[in-house]
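Heads up: numbering here begins at 1 and tracks the sequence. For clarity, every value in this text was computed on a predicted model and none was experimentally measured.
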Amino acid sequence: MALAQKTEKKHTPYKDLFVSFSIASLAAMSAVTFSNPIEVVKTRLQLQGELVRAGTLSVASRPYHNSFQAMNLIFKNEGFRGIQRGLGVAYIYQVCLNGSRLGLYGPVHNTVIETLGLQSAQSKVAAGVFAGGVAGVVGAILGSPLYLIKTRRQSFSPVFKNIGHQHEIRGSSFAALAQIYRQEGVKGLYRGVSAAVLRAAMGSSVQVPSYMFGKELLMNRFNMPDTLPTHLATSMCSGFLVAVVMNPPDVISTRMYNQGVDPKTGKGLLYKSTFDCLRKIIHTEGFRGLYKGFLAHFLRIG
């Protein structure tokens, strides 16, 4: 009688990573389907009244009054296609972003812990924040060309031509990227990447600590149980803080991505750099200009 041999499953880290990547990408794409209309609204609110002194914007130049009215107006004038502009390239961007997060977070986190010999829970949390920041920054760099096309697609309106520079992209997003490369080179593809990196770094540095601190505060000081409502409340509070920190670089990156380009020099028509964009916004629109589209931003994050 032959003895039954037990077969042991081999550990396949690449297969596990692929499965995790696929699940995370599908989840992110599902979320993007619902959040993309808010992203369209946010983009247009951030571009409305670009470099126009506060209080001098005419009624005709201000069709969008708030996030909810803007969404209704876009849907009314442009239909479902208008409210979901840039959805296709947003899917690809999320896949790239999740790939960098899943591929880099674990190795960076483990390397920091092993190199510095971290033992305490607090130090490991700090290492996690650092690893998240690194993964976010790399994802922002890799996905910057896609985010550029997404911003330009979402800002385009066949009805309101005075909302930022209007880039009417015909054909696929990849054809648009190829055209930008032919006309402006690699520099054109990565226009605005410095602001995107700043946004990713600032958001990652706040998201994890604010969530953990908020959860601890609600459970210890207000005696809330470790249940779903507590996690939801914590997520909302954390999302608000992330939006407060991220909105200024988000406005700057939107402006940098969307600005017109001189066909002869290949330089932006409005801004020379991230700092130049920041300076001009504060000078002409005031500090409030950096928080345009804040509610839409918070709704998307929270």
Residues that [X] engages under side-chain hydrogen bond (donor to acceptor under 3.5 Å, both in side chains), provided they are two or more places apart:
| X | value |
| --- | --- |
| K215 | none |
| D276 | R279, K280 |
| R53 | none |

Is there a side-chain contact between [X] and [Y] in this structure, where contact means two heavy atoms from C-beta onward sitting under 4.5 Å apart?
| X | Y | answer |
| --- | --- | --- |
| N247 | L290 | no |
| L189 | S144 | no |
| S253 | D250 | yes |
| N258 | L148 | no |
| P37 | M71 | yes |
| S157 | I163 | no |
| H65 | R62 | yes |
| R152 | F156 | no |

List for me each residue that meets ring-ring contact (aromatic ring centres under 6.0 Å, His included) alongside [X], sequence neighbours excluded, and say none if there are none.
| X | result |
| --- | --- |
| Y64 | F160 |
| Y147 | Y93, Y257 |
| F287 | Y291 |

Grab the two heavy atoms, one from [X] and one from [Y], that are nearest each other, plus how far apart they are.
| X | Y | value |
| --- | --- | --- |
| V41 | A70 | CG1-CB, 3.9 Å |
| A90 | N36 | CB-OD1, 4.1 Å |
| G171 | R153 | O-NH2, 2.9 Å |
| S61 | S58 | OG-OG, 3.0 Å |
| T234 | G214 | CG2-C, 4.0 Å |
| V137 | A201 | CG2-CB, 3.9 Å |

How many angstroms lie between [atom1] in [X] and [atom2] in [Y], if you round to the nearest 0.5 Å?
| X | Y | atom1 | atom2 | answer |
| --- | --- | --- | --- | --- |
| L278 | M256 | CG | CE | 11.0 Å |
| T230 | L218 | OG1 | CG | 6.5 Å |
| N110 | T115 | CG | OG1 | 10.0 Å |
| Q179 | I149 | CD | CD1 | 9.0 Å |
| T43 | R255 | OG1 | CZ | 11.5 Å |
| R44 | R85 | CZ | CZ | 6.0 Å |

Linking Ile, Leu, Val, Met, Phe, Trp and Tyr through side-chain heavy atoms less than 4.5 Å apart, which residues share a cluster with [X]?
| X | result |
| --- | --- |
| L269 | none |
| L57 | V52 |
| L228 | L232 |

>> Run the side chain to side chain contact (heavy atoms under 4.5 Å, CB included) test on L45 and S67 for me, step by step, so that the C-alpha distance in whole Å, both residues' side-chain angles and the decisive distance to 0.1 Å come before the verdict.
In response: CA-CA 8 Å; L45 286 172; S67 299; 3.8 Å; yes

>> Considering only residues two or more places apart or on different chains, which pairs with a residue in residues 186-197 satisfy side chain to side chain donor-acceptor pair (under 3.5 Å)?
In response: E184-R191, S194-T274

> Can you tell me if S120 and S123 form a side-chain donor-acceptor pair at under 3.5 Å?
Replying inline: yes

[X], [Y]: one ILVMFWY side-chain cluster at the under-4.5 Å cut-off?
| X | Y | answer |
| --- | --- | --- |
| F34 | I83 | no |
| M202 | I141 | no |
| I282 | L270 | yes |

>> Run the side-chain contact (heavy atoms from CB on, under 4.5 Å) test against S30 and tell me which residues pass, sequence neighbours left out.
In response: none

> Do E39 and K150 sit within salt-bridge range, that is, some charged N less than 4.0 Å from a carboxylate O?
Replying inline: yes

> After noting the C-alpha distance and the side-chain angles of D226 and H231, does the key distance pass the side chain to side chain contact (heavy atoms under 4.5 Å, CB included) rule?
Replying inline: CA-CA 7 Å; D226 188 6; H231 287 275; 2.8 Å; yes

>> For F68 and L299: C-alpha separation, side-chain torsions, deciding distance, then whether side chain to side chain contact (heavy atoms under 4.5 Å, CB included) applies.
In response: CA-CA 11 Å; F68 300 106; L299 291 174; 4.0 Å; yes

> Within a radius of less than 6.0 Å around OH of Y91, do more than 12 heavy atoms belonging to other residues, nucleotides or ligands occur?
Replying inline: yes

>> If you apply the rule side chain to side chain contact (heavy atoms under 4.5 Å, CB included), what do you find for L295 with N66, and how did you get there?
In response: CA-CA 8 Å; L295 178 59; N66 56 64; 5.9 Å; no

> Has the side chain of Q84 got a donor or acceptor atom that lies under 3.5 Å from a matching backbone atom of T33?
Replying inline: yes

>> Checking side chain to side chain donor-acceptor pair (under 3.5 Å) between K292 and each of H297, E285, E50, which is the one that passes?
In response: E285

>> With salt bridge (charged side-chain N to carboxylate O under 4.0 Å, His left out) as the rule and sequence neighbours excluded, what pairs involving residues 128-140 come up?
In response: none

>> Angle between ring planes, F298 versus F294, binned at 30° and 60°: parallel, tilted or perpendicular?
In response: parallel

